[in-house]
2 protein chains.
Amino acid sequence: MPRRNADTREEIREVALDLFAQKGFEQTSLREIAERLDITKAALYYHFPSKDELLVQLVAPLATDLAAFTAVLEERRPDGERAILEDYFDLCERHRRVFQGLLRDTSALARTGSLLQVLHNRDRIDRLLVGSDDPAERARAVVALGGLQDCAVLMADAAPAAYRRAAVDAALRALLPA
Amino acid sequence: MPRRNADTREEIREVALDLFAQKGFEQTSLREIAERLDITKAALYYHFPSKDELLVQLVAPLATDLAAFTAVLEERRPDGERAILEDYFDLCERHRRVFQGLLRDTSALARTGSLLQVLHNRDRIDRLLVGSDDPAERARAVVALGGLQDCAVLMADAAPAAYRRAAVDAALRALLPA
DNA sequence: GTCTATAGGATGATAGAC
DNA sequence: GTCTATCATCCTATAGAC
């Protein structure tokens, strides 16, 4: 029998993103997604050819958005760094769930408790650095530390010594109120 | 028969971290780890009670280091923010492989090509923002954007509007040369 | 400390009826 | 579009010999 809601495909995307964000891609089975929608696994395969393709479609909006952002930045020198940063911030917010759930799959660490331990420490460091629990104050620390942390991942091609000074300087500027 | 090398346990850790970092935790089977070491799965279970426990032991050094860092920060107001940031940077570098391989499990995205797409864009944005390929210059952008991106993940408890201004301001300071 | 053998289960995916 | 039934494969983990 046909189901209550017309747009099953969109419902699947919604549930899948929710579960992936919550438990990670690998640890979410198609059975779980199907159960939550009260359909069968086989029905999923009518709408999506594979689990991987489902993932691809979930990340696609972010990928598209990011590509557009890059394109704009490339074709003309835009209206100032502030505007760029604001736009990038908005982009991250817009795809917050994707960032949270798909760009870092922390499920395994969460299961073992390691993740909580790390995040707890990080959170305390953030608050201590700025001496406040206020989100606006904390953000300075998150930017500074998050930025440094990102270097470890994204600058894998360069020797740490080559950018260490610059990175620390930048983080310091971010941390200190203007 | 006993194996060539005495410290099998350490060899296992080494190989496991390598494979986890490369393919992600969930997608690395104990069979693969065993094969690479020329032992059997059963032998792994002599050294580690479970796959999860193996993971825990791999993250443990980072967790410990981070806890110590927090403790120092807590007990006394340290020698200035610069030193703190430098220490945090060093900590990240020290555990670079863990950050790369375990704190973000990007394996699924990598398999589908989505990851490459996202990282490629991010890399170009970084270079464009500072107008240079020099690592030292790029670091400013990585810090600024990485910091903003981290906000989307770590400040999940706060309303974006509450820290948006502060975060963008901090990122801007990080981006602009002093 | 390492092996063989296997239990016991979940998973992604497909075939074919309705 | 959704179902039932099933396949083939892989997995973590354990028992027990050597």
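Residue numbers start from 1 in every chain, and the chains themselves are labelled A, B, ... in the order their sequence lines are given, proteins ahead of strands.
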(message) Distance check needed: dT14(D) P versus Glu53(B) CD, whole Å only.
(response) 13 Å
(request) Could you state the atom-to-atom distance from CG of Leu37(A) to P of dC3(D) in whole Å? (result) 10 Å
(message) What is the distance, to the nearest angstrom, from the CD atom on Gln27(B) to the P atom on dT9(D)?
(response) 19 Å
(request) Give a yes or no on whether a salt bridge exists between Glu32(B) and Arg36(B), defined as a side-chain N under 4.0 angstrom from a carboxylate O. (result) no
(request) Could you tell me whether Arg173(A) and Asp169(A) have a side-chain N and a carboxylate O separated by less than 4.0 Å? (result) no
(request) Would you confirm whether Lys41(B), through its side chain, and Ser29(B), through its main-chain N or O, come within 3.5 Å as a donor-acceptor pair? (result) no
(message) Is Tyr46(B) close enough to dT2(C) that one of its side-chain N or O atoms is under 4.0 Å from OP1 or OP2 there?
(response) no
(request) Show the numbers, then the answer: is there a side chain to side chain contact (heavy atoms under 4.5 Å, CB included) between Glu10(A) and Arg13(A)? (result) CA-CA 5 Å; Glu10(A) 186 50 37; Arg13(A) 268 193 282 263; 3.0 Å; yes
(request) Quickly work out the His47(B) NE2 to dG1(C) C1' distance and round it to whole Å. (result) 6 Å
(message) I want to check one thing: is the phosphate of dT11(C), taken as OP1 and OP2, less than 4.0 Å away from some side-chain N or O of Arg31(A)?
(response) yes
(message) So if I take every side-chain heavy atom of Leu30(A) and compare against dA13(C), dA13(D), dT14(C), which nucleotide ends up nearest?
(response) dA13(C)
(message) Tell me whether the side-chain N/O atoms of Thr8(B) come closer than 4.0 Å to OP1 or OP2 in dT2(C).
(response) yes
(message) Need to verify one output field. Residue with the more 5' nearest nucleotide on DNA chain C, Ser50(A) or Lys41(B)?
(response) Lys41(B)
(message) Tell me the interatomic distance from Glu35(B), atom CD, to dC10(D), atom P, rounded to whole angstroms.
(response) 11 Å
(message) Rounded to whole Å, please give me the gap between CG in Asp52(A) and P in dT11(C).
(response) 16 Å
(message) Could you tell me how far apart Leu54(A) (CG) and dG12(C) (C1') are, to the nearest whole angstrom?
(response) 13 Å
(request) Please check the phosphate of dC3(C) (OP1 and OP2 only) for any side-chain N or O of Thr40(B) closer than 4.0 Å. (result) yes
(request) Would you mind reading off the distance between Glu26(B) atom CD and dC11(D) atom C1', rounded to a whole angstrom? (result) 11 Å
(request) Give a yes/no on whether any side-chain N or O of Ser29(A) is located under 4.0 angstrom from OP1 or OP2 of dA10(C). (result) no
(request) Using only side-chain N and O atoms of Tyr45(B), determine if any of them is under 4.0 Å from OP1 or OP2 of dA13(D). (result) yes
(request) Look only at the side chain of Arg138(A) and the backbone of Arg127(A), and say whether a donor-acceptor pair between them is shorter than 3.5 Å. (result) no
